[in-house]
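Residue numbers start from 1 in every chain, and the chains themselves are labelled A, B, ... in the order their sequence lines are given, proteins ahead of strands.
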Protein chains: 2
Amino acid sequence: MDEKSEISKKLLPIMDTMELLSGRWKIIIMTTLYLGGRMRFNEIKRSIPRITGRVLSKDLKFLEQHDIVSRTVKDTSPITVEYELTEYGRTLDPVFKELTHWGIKHRKKIIGLG
Amino acid sequence: MDEKSEISKKLLPIMDTMELLSGRWKIIIMTTLYLGGRMRFNEIKRSIPRITGRVLSKDLKFLEQHDIVSRTVKDTSPITVEYELTEYGRTLDPVFKELTHWGIKHRKKIIGLG
DNA sequence: TATACCGGTTACTTTAAGGATACTTAATTG
DNA sequence: CAATTAAGTATCCTTAAAGTAACCGGTATA
């Protein structure tokens, strides 16, 4: 195997994961649902300062399509829609744990330097 | 502590880490250096199809400023510049391992469905 | 009657990241 | 002498993501 295909082989799964994490709001939405459990559209919106309905809607749809988040329409009046992390979405937990762990050490390093 | 500041507390380190990983090329550059060890600017460039010198230069500078990559000018003629992951850069390894691990399972799931 | 909330969608504008290309200085090769 | 390599920089352009704001049908409240 040449150098470039070895790089590709290493990169592909990393890029696959990153596709789900990248963007300004996706991680914030996932963390919000992780902490908040089952939440309605406007609950999520109110929990995340400055997010717009357009982006929240778009990102939730994306996450639903990738089976990270589930969407349930409740037959109330007016209807409400509940979102929560799927079981599969929760398998991202170790990823978030590592991101968190490294971030905490990184912040300590930066503050230590400052 | 209210809901929003709890979310912020969880998010901050994640966002700190993501800052270093986000963008189209940073992860590719880091993976290339991880596999290739010490490399010159144009070696890196040739290893990464379609990257432009402008972006490679910019991203390497960013990574150097964050102590992920070291830059060494060699007194050859013409001068050459070598880049490699710093010891600190290599502490990102567990992060990449998790991203890889999840990505492999994710790909299997997607192929399984298709 | 009208005002607000529910969960969105549509159309338009702005911003940031990245791409394309030319250029730089100094040395080397043919 | 002309072309090439090295490691970039400068300038302009394109694109994709996100922001802004208006609007939708349906329901409920004052």
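- The phosphate of C:dT28 (OP1 or OP2) has a side-chain N or O of B:Ser77 nearer than 4.0 angstrom.
- In this structure, the nucleotide among C:dG18, D:dA6, D:dG19 sitting nearest to the side chain of B:Lys58 is C:dG18.
- Contact annotation for A:Thr80: backbone-only contact, meaning every heavy-atom pair under 4.0 Å involves sugar-phosphate atoms and none involves a base.
- Residue A:Tyr34 places its OH atom among 12 or fewer non-hydrogen atoms of other residues, nucleotides or ligands, all under 6.0 Å distant.
- Nearest nucleotide to the A:Phe41 side chain, out of C:dG7, D:dA6, D:dA7: C:dG7.
- Distance, B:Ile79 CD1 to D:dT9 C1': 14 Å, rounded to whole Å.
- Checking the phosphate oxygens (OP1, OP2) of C:dG19, a side-chain nitrogen or oxygen of B:Trp25 falls inside 4.0 Å.
- Residue A:Phe62 contributes atom CZ, which lies 10 Å from atom P of D:dA18 at whole-angstrom precision.
- Phosphate proximity of C:dA20 to B:Arg50: absent, as no side-chain N or O sits under 4.0 Å from OP1 or OP2.
- As a whole-Å value, the separation of B:Asn42 CG from D:dT4 P is 15 Å.
- For the pair B:Ile29 CD1 and C:dA17 P, the computed distance is 15 Å after rounding to whole Å.
- B:Arg54 contributes no side-chain N or O that forms a donor-acceptor pair with the base of D:dG8 under 3.5 Å.
- For A:Arg24 and D:dT20, the CZ to C1' distance is 14 Å, given to the nearest whole Å.
- Between A:Tyr88 and B:His106, the angle of the ring planes stays under 30°, which puts this pair in the parallel group of the 30/60° scheme.
- For C:dT9, one of the phosphate oxygens OP1 or OP2 lies less than 4.0 angstrom from a side-chain nitrogen or oxygen of A:Lys61.
- Among the nucleotides D:dT20, C:dC6, D:dA7, the one closest to the side chain of A:Thr52 is D:dT20.
- In B:His101, the NE2 atom is not crowded: 12 or fewer heavy atoms of neighbouring residues, nucleotides or ligands sit closer than 6.0 Å.
- Regarding B:Lys45, its NZ atom lies at a distance of 13 Å from the P atom of D:dG8, rounded to whole Å.
- Atom-to-atom, CG of B:Asp59 to C1' of C:dG19 comes out at 13 Å; the value is rounded to the nearest Å.
- Of the candidate nucleotides C:dG7, D:dA6, D:dG8, D:dG8 has the atom nearest to the side chain of B:Val81.
- Atom P of nucleotide D:dA6 and atom CE of B:Met39 are separated by 13 Å, given to the nearest angstrom.
- Checking side-chain atoms of A:Arg38 against main-chain N and O of A:Glu82 turns up no donor-acceptor pair under 3.5 Å.
- Heavy-atom distances to DNA chain D give each of B:Arg40 and A:Ile51 a nearest nucleotide, and the one nearer the 5′ end belongs to B:Arg40.
- Within the 4.0 Å cut-off from OP1 or OP2 of C:dG7, not a single side-chain nitrogen or oxygen of A:Ser57 is found.
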* Taking it one step at a time, do B:Leu63 and B:Ile29 satisfy side chain to side chain contact (heavy atoms under 4.5 Å, CB included)? -> CA-CA 10 Å; B:Leu63 293 170; B:Ile29 295 166; 4.1 Å; yes

